[in-house]
Amino acid sequence: MSRRVVVTGMGAITPIGNDVESFWKGLKEKKLGFGPITYFDTTEYKAKLAAEVKDFDPKKYMDPKAARRMEAFSQYAVAAAKEALNNAGIEIEKEDAYRIGVSLGSGIGSLQSIEKDYKKLLEKGPSRVNPLLVPLMISNMAAGNVAIQFGLKGKCINVVTACATGTHSIGEAFRSIQYGEADVMVAGGTESSITPLGVAGFTALTALSASQDPEHASRPFDANRDGFVMGEGAGVVVLESLEHAQKRGAKILAEVAGYGATCDAYHITSPAEDGSGAARAMVNAMEDAGIKAEDIDYVNAHGTSTHHNDLFETKAIKLALGDHAYKVKVNSTKSMIGHLLGAAGGVEFITCVKSIEDGFVHATAGLEVPGEECDLDYTMGDGVSMDVHYAISNSLGFGGHNASLIVKKFQ
């Protein structure tokens with residue numbers, strides 16, 4: 001008998017707020033996190049805008065020595081995990097630490113440390129490379145640092161599936177609890193890749209928007225969409241078995257009902273053109289949850305604002321939900337915070353939980369005229385107050401990785 005899994009804590013570092021409440025308030029107010037890139041000179045770059053995290057001070061979340069041994073992606077993860085654990089009210093010292101695990105991914109790890117030390121290598125030779133380069137750079141260090149900071153000794157994993165990382169990480173944490181490997185999992189995604197190499201690489205791939213107008217840069221499903229805006233941050237949640245949460249009298253925010261994962265096995269960057277892979281992930285998640293398409297109220301789309309993604313994801317939603325696709329609310333959180341890559345699924349899962357808690361589905365900002373064949377209800381204009389019982393959060397990653405999570409109102 002698989003165990004029921006609930007959400008008891010959430011933490012977020014985002015371009016529109018460095019905690020869950022500010023982030024959610026920003027989404028409700030259609031606050032845009034976009035602005036000119038400040039981390040490096042973009043004179044020679046086509047993409048000038050990004051969604052940077054603002055006013056982040058790692059010393060608020062960890063001691064300065066620990067912070068110095070972490071790059072930004074790990075710092076964001078620790079900060080978001082701290083908020084999530086505080087929010088969940090878990091007292092680690094009263095728990096069996098071997099029953100609390102971490103499933104926290106980053107798509108890339110630290111490009112900052114790679115760039116810095118490669119420059120040193122070329123200019124000053126191999127002896128000058130930072131002895132901490134490897135532990136600063138590798139993507140599993142977000143999970144490792146969270147475990148070290150909070151003394152979590154259970155299963156500790158790092159799923160890396162590009163832009164599907166956060167969703168897969170939460171899905172695998174959900175499975176770990178269902179199967180009895182852990183009672184509590186700290187799960188989500190983190191990313192900080194707004195660097196010269198990161199922006200140049202995605203630009204060369206023609207994935208980034210060249211717009212210099214924040215109002216019209218990230219515009220998922222719009223006829224004039226021209227690519228995504230790179231964001232950064234972290235979204236981390238505390239998942240627990242229902243039994244464990246009830247035993248300690250935790251406040252239950254929502255329930256994780258289903259998880260589906262597939263691969264398009266089609267192309268390294270483009271989703272399958274008929275949407276079949278992503279659709280199957282949604283169908284698998286619904287079967288896992290024991291529900292029908294008609295039960296779904298809301299889909300938090302991957303919605304990157306690239307031509308291919310938005311068109312093929314629209315097809316996928318129709319394939320998975322049939323006629324009901326036209327009755328659900330669909331939106332893209334990326335319309336305000338950009339694409340957080342490996343962290344996207346983490347913050348979008350949090351968005352689903354808040355939508356259920358608050359009875360509100362936020363607007364897709366920047367969407368004015370839906371693109372060709374983009375004919376669903378993308379919550380254009382303003383957000384909508386409505387009951388949300390079941391929400392799907394979708395993520396699609398380069399390599400053809402598809403992941404869908406179903407969040408339900410806890411009863």
Side-chain angles (χ1 to χ4, degrees), residues 4-7 27 164 166-168 170-171 174 220-221 237 239 252-262 271 274-304 309-335 344-345 347-364 367 370 373-380 383-396 402-411:
R4 286 175 72 185
V5 179
V6 294
V7 185
L27 289 181
T167 302
H168 275 130
I170 294 170
F174 167 59
F221 306 107
V237 294
L239 303 186
I252 292 169
L253 310 177
E255 182 169 356
V256 189
Y259 169 46
T262 62
D274 59 358
S276 55
R280 182 61 178 267
M282 286 184 257
V283 169
N284 288 357
M286 289 188 288
E287 284 178 358
D288 192 34
I291 60 170
K292 300 192 223 19
E294 294 71 42
D295 295 317
I296 301 295
D297 301 300
Y298 158 50
V299 178
N300 185 297
H302 189 55
T304 58
N309 176 90
D310 296 1
L311 174 59
F312 303 154
E313 189 179 7
T314 295
K315 290 181 177 179
I317 293 169
K318 291 184 210 172
L319 259 181
L321 302 184
D323 292 343
H324 187 65
Y326 292 97
K327 296 177 186 149
V328 297
K329 282 282 175 199
V330 180
N331 68 6
S332 172
T333 303
K334 293 178 182 73
S335 65
V347 294
E348 290 159 13
F349 179 88
I350 289 170
T351 303
C352 288
V353 174
K354 291 304 291 180
S355 299
I356 287 169
E357 274 196 305
D358 244 16
F360 186 84
V361 172
H362 73 71
T364 298
L367 172 57
E373 289 188 69
C374 291
D375 58 351
L376 298 176
D377 177 354
Y378 303 109
T379 323
M380 193 162 76
V384 177
S385 290
M386 59 179 271
D387 270 347
V388 180
H389 291 281
Y390 284 97
I392 295 187
S393 182
N394 284 337
S395 293
L396 322 176
N402 306 305
S404 296
L405 285 164
I406 292 182
V407 194
K408 69 178 275 200
K409 189 176 276 194
F410 175 69
Q411 276 160 330

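Remark: the Asn402 side chain and the Thr262 side chain contain an N/O donor-acceptor pair separated by less than 3.5 Å.
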Using the side chain to side chain contact (heavy atoms under 4.5 Å, CB included) rule, take Val299 and Leu321 through it: C-alpha gap first, then chi angles, then the decisive distance, then the call.
CA-CA 10 Å; Val299 178; Leu321 302 184; 4.1 Å; yes
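Legend: salt bridge (charged side-chain N to carboxylate O under 4.0 Å, His left out) pairs involving residues 320-334, not counting sequence neighbours, sorted by first then second residue: Lys329-Asp377, Lys334-Glu348.
The shortest side-chain heavy-atom distance between Val7 and Leu239 falls under the 4.5 Å cut-off. When side chains are defined from C-beta on, Tyr259 does not count as touching Val5, because their heavy atoms never get closer than 4.5 Å. Considering only heavy atoms from C-beta on, Asp295 stays 4.5 Å or farther from His389 through its side chain. Counting heavy atoms from C-beta outward, Phe410 and Arg4 have side chains that approach closer than 4.5 Å. Leu376 places a side-chain heavy atom less than 4.5 Å from the side chain of Lys318.
Here the NE2-CG distance, from His324 to Asp297, works out to 6.5 Å after rounding to the nearest 0.5 Å. Note that the CD atom of Glu313 and the SG atom of Cys374 stand 10.0 Å from one another [nearest 0.5 Å]. Between Thr351 atom OG1 and Asn300 atom CG the span is 5.5 Å, to the nearest 0.5 Å. One finds the CE atom of Met286 at 11.5 Å from the NZ atom of Lys292 (value rounded to the nearest 0.5 Å). The SG atom of Cys352 sits 10.5 Å away from atom CD1 of Ile406, with the distance rounded to the nearest 0.5 Å. For the atom pair CD1 (Ile296) and CD1 (Ile291), the distance works out to 3.5 Å, reported to the nearest 0.5 Å.
Ile392 approaches Ser404 most closely through the heavy-atom pair CG2-CB, 4.2 Å. Shown here for Ala320 and Ala279, the closest heavy-atom pair between the two residues is CB-O, 3.7 Å. Of all non-hydrogen atoms in Ser395 and Gly345, the two that sit nearest each other are OG-CA, 3.8 Å. When all heavy atoms of Ala316 and Ala278 are compared, the pair lying nearest together is CB-CB, 3.7 Å. In this structure, Val407 and Ala254 approach most closely via the heavy-atom pair CG1-CB, 3.8 Å.
Distance alone, capped at 3.5 Å, is enough to place a donor-acceptor pair between the Asp310 side chain and the Phe221 backbone.
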Side chains of residues 356-364: which donor-acceptor partners sit under 3.5 Å, not counting sequence neighbours?
| from | atom 1 | to | atom 2 | distance (Å) |
| --- | --- | --- | --- | --- |
| Glu357 | OE1 | Lys354 | NZ | 3.2 |
| Asp358 | OD2 | Trp24 | NE1 | 2.7 |
| Asp358 | OD2 | Lys28 | NZ | 2.8 |
| His362 | ND1 | Asn331 | ND2 | 3.4 |
| His362 | NE2 | Asn331 | ND2 | 3.4 |
| His362 | NE2 | Thr333 | OG1 | 3.0 |
| Thr364 | OG1 | Ser332 | N | 3.2 |
| Thr364 | OG1 | Tyr378 | O | 2.7 |

